Amino acid sequence: MISAQTAQGLGRSYFSPAPQTSTTPCPTLRMKKLNWQKLPSRAVTAHQSLWTSASSDSVEPDYCSIEQLFSLPPTETKTRTKAQTEPKEISFIDAKKSLNLNIFLKHFKCSHEDFVSLIRRGDRSKFDVEVLKQLLKLLPEKHEVENLKSHQADRDKLAPVDRFYLQLLDVPSYSLRIECMLLCEESSCVLENLKPKAELLDRACQSVRNSTRLPSFCKLILSVGNFLNYGTHTGNAEGFKISTLLKLSETKANKSRITLLHHILQEAEQNHPDLLNLPDDLEICEKAAGVNLESIQCDSSTLMKQLKNAERKLSSSSEDLKEQYLSPIQESVQACEQLQQLLSSLEDQRTHLSTYLCEDSSSFSIDQLFSTIKTFRGLFLKAIKENESRRQQEKRRKQQEEERKLKGDTKIIRRDVSKQDEGCIIDNLLAEIRKGHNLKKTRPRAERGSHDHPVVIRTSLAVDEPDSSQSSQSEKPAEPPETGTQIPTDPIAETRPEPGIDETQSLDFGPDPEIGNGRNEESEFEEITSLEVRTAEHNDGPDPGPKEPAQKSRIRISPAGADVGSKRRAKVGCVSH
């Protein structure tokens, strides 16, 4: 027995130069765990490695200090007894990966056996592209597979995730099956996404090439540009880059908010109205502006490589795999080939468009072309709306000016008529005064309203004493009054009118609506009247003094009469001295 053990030790020393001479002691307390990935023993001892070249006299750690530093706090006896009675589960999977896999499997709400059965049958009804991609990331690694296979006999002691991996390992070529499921789902999605985009780009290229309005509009721009750049190094051009279409709105006119694009569209509306339909030709280009041709080509090439690789693997796999996935994979390969033919046609159209637009084919990009056309189309439509809005505003402004003109002419006509009438009334008044006609009596001051502001014309006639005829008529001796009757002392009451004028007359024209406030006229008139009354009282005193020569009629007019446009009122009175 000793010789057998010795021979066994010699064999171990032959395959393992540095055997573990000491065993690890068992800790007396519950210790914290170190999460690491344990390597399979076969991987360690199969060839020379770091672990096989370790020194035989390795230093052992201080287990007592480790036990004091990394031990868990003591728990109750009941819990510790339960932990001792229930054996702990064994797991070879990383804790984070195990948690992610548990969460992933719970989404399906089925047992592990049913999930593995779906993969075995190739049933993709419960899987989509993202789920299959996540499942590929969660598949066990090589060292985990070896550890799980070495503990198949203790399957009941393994954790649920480890048991799921063992069930998955029982499926032959499980990794290839999942890859084929992903390819079948992904290829259909990718083709459904890429093919419409490629067809849209193809139609957009054809619309640019077949449009007849775009060349006409560009020639109109060329004529305007050569006129603007006449005599400069950029003048006398025969063409321009398609990106020049965006420069039209950057060239400002002298008027506010008007650009060269606005003017060109006005010219087109007047002389070439069909060019205003250019946005209809470029509508499909606006839709194709967000599509990237290079991205489509890259995705198509990647998908084709994956499909070809899967087809090659399936050709050398089991019959059930061929039966499940070979036919769908080949159909996806054919659809991808058709997509690549369409992309090849797009590349030819890109070259033709670069020649058609006189661009550099090596740097010409379809994506940039459609982006430029999209921006230009938006500016085109916006400028049309702004031109229409400007025309409407101009029309409304003209209408308002015409209305203001009509109102102003009416006011001017009325003023002219009033001036003419006013002049006629004054002339008639003066003529009547000269002829000595009887005028209308003046209303008392109390009866006149606050807006009645007459223009006063006063006439004062003086009598010369040497003229006996006049003095005999104007100064007849009064009859002696009766007994008890007082003679009035008011000189104004004793005044008699001149022959031809019976009594004080006045002409009232009524209130004038054109006069805003006539109080200044009235006040000035009152000052003049009171002054004249005082003068008359002084002249009628007991000693009038030497007689003045006869004076002619004197007319006083209030300064407010300077306003020719307003109506006036006159008052005529006679005062004798």
Side-chain angles (χ1 to χ4, degrees), residues 33 35 37-38 40 82-83 86-193 303 306-307 309-311 313-314 316-332:
K33 304 302 179 186
N35 293 324
Q37 293 291 323
K38 179 184 176 182
K82 184 177 180 181
E86 293 183 0
K88 188 177 180 180
E89 294 177 343
I90 301 173
S91 179
F92 297 95
I93 313 300
D94 180 60
K96 185 176 180 180
K97 185 177 181 180
S98 177
L99 177 62
N100 292 334
L101 185 58
N102 275 320
I103 295 173
F104 174 79
L105 293 174
K106 286 181 179 179
H107 285 304
F108 291 91
K109 298 179 180 180
C110 63
S111 62
H112 296 169
E113 291 81 3
D114 295 337
F115 186 87
V116 173
S117 177
L118 293 175
I119 297 175
R120 187 188 297 271
R121 299 194 312 269
D123 186 1
R124 304 194 305 270
S125 60
K126 294 186 178 182
F127 299 98
D128 57 11
V129 175
E130 296 301 325
V131 169
L132 292 171
K133 284 183 178 180
Q134 189 175 1
L135 180 58
L136 281 176
K137 293 179 182 179
L138 293 175
L139 290 181
E141 299 179 12
K142 185 177 180 181
H143 65 276
E144 294 172 342
V145 171
E146 293 182 356
N147 287 329
L148 290 171
K149 287 183 177 180
S150 63
H151 288 78
Q152 285 187 3
D154 301 331
R155 181 172 295 195
D156 296 336
K157 298 180 180 179
L158 297 176
V161 173
D162 297 64
R163 292 197 297 269
F164 167 75
Y165 276 157
L166 285 177
Q167 293 177 7
L168 190 61
L169 293 175
D170 293 338
V171 180
S173 305
Y174 66 92
S175 179
L176 180 59
R177 293 174 187 270
I178 298 175
E179 289 178 5
C180 291
M181 293 172 68
L182 176 60
L183 271 178
C184 292
E185 290 290 330
E186 190 174 22
S187 60
S188 60
C189 294
V190 171
L191 292 174
E192 289 176 0
N193 186 27
L303 179 61
Q306 293 176 352
L307 291 173
N309 189 20
E311 186 180 12
K313 290 181 179 180
L314 287 173
S316 59
S317 63
S318 59
E319 292 298 328
D320 60 335
L321 274 174
K322 291 180 181 179
E323 185 177 353
Q324 289 178 0
Y325 299 108
L326 187 59
S327 177
I329 292 295
Q330 289 177 350
E331 291 177 0
S332 299

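FYI, the numbering just counts along the sequence from 1. Both backbone and side-chain heavy atoms feed into the values below; hydrogens, waters and symmetry mates do not. The model shown is predicted, which means the values in this text are computed figures rather than measured ones.
Within the model, atoms CG of D128 and CD of Q134 stand 10.0 Å from one another, a figure rounded to the nearest 0.5 Å. Note that CG of D114 is 11.5 Å distant from CG of D123, once rounded to the nearest 0.5 Å. Going from atom CZ of R124 over to atom CD1 of I119 covers 13.5 Å, rounded to the nearest 0.5 Å. Here NZ of K96 is found 15.5 Å from CD1 of I93. Values are rounded to the nearest 0.5 Å. To the nearest 0.5 Å, atoms SG (C189) and CD (E130) are separated by 9.5 Å. The distance from the CG atom of L169 to the OG atom of S175 is 11.0 Å, given to the nearest 0.5 Å.
Nearest approach of C180 to L314, heavy atoms of both residues: SG-CD2, 3.7 Å. Across all their heavy atoms, D162 and L148 have their closest contact at OD2-CD2, 3.4 Å. E144 and D94 get closest at one heavy-atom pair: OE2-N, 4.2 Å. Closest approach of F108 to K126, counting heavy atoms only: CE2-O, 3.5 Å. The shortest heavy-atom contact between L168 and V116 is N-CG2, 4.3 Å. Of all the heavy atoms in S150 and N147, the pair that sits closest is OG-O, 2.7 Å.
Side-chain contact between L158 and F92 is present, with heavy atoms from C-beta onward closer than 4.5 Å. Q306 is not listed as a side-chain neighbour of E179, based on a closest heavy-atom distance of 4.5 Å or more.
Taking the six-membered ring for Trp and thresholds of 30 and 60 degrees, H112 and F164 have ring planes more than 60 degrees apart, a perpendicular arrangement.
Under the rule for a side-chain hydrogen bond (donor to acceptor under 3.5 Å, both in side chains), E311 has no partner lying at least two apart in sequence or in another chain. With sequence neighbours excluded, no residue satisfies ring-ring contact (aromatic ring centres under 6.0 Å, His included) with Y174. Under the rule for a side-chain hydrogen bond (donor to acceptor under 3.5 Å, both in side chains), the partners of R121 that lie at least two apart in sequence or sit in another chain are S117.
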- Start with the C-alpha gap between F127 and L182, add the side-chain angles, then the distance that decides, and say whether side-chain contact (heavy atoms from CB on, under 4.5 Å) holds. CA-CA 9 Å; F127 299 98; L182 176 60; over 6 Å; no

key: Stepwise side-chain contact (heavy atoms from CB on, under 4.5 Å) test for L183 and Y325   = CA-CA 10 Å; L183 271 178; Y325 299 108; over 6 Å; no

Exercise for review: Verify side-chain contact (heavy atoms from CB on, under 4.5 Å) between L101 and K97, making sure each step is shown before the conclusion.
Suggested key: CA-CA 6 Å; L101 185 58; K97 185 177 181 180; 5.6 Å; no

Q.
Please determine whether side-chain contact (heavy atoms from CB on, under 4.5 Å) holds for the pair L105 and V161, giving the CA-CA distance in whole Å, both sets of side-chain angles, and the decisive distance to 0.1 Å.
A. CA-CA 10 Å; L105 293 174; V161 173; 5.8 Å; no

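A donor-acceptor pair under 3.5 Å is formed between the side chain of Q324 and the backbone N or O of R120. Checked by atom type and distance alone, the side chain of R177 never pairs as donor or acceptor with a backbone atom of L321 at under 3.5 Å. Between the S327 side chain and the E323 main chain, no donor and acceptor come within less than 3.5 Å of each other.
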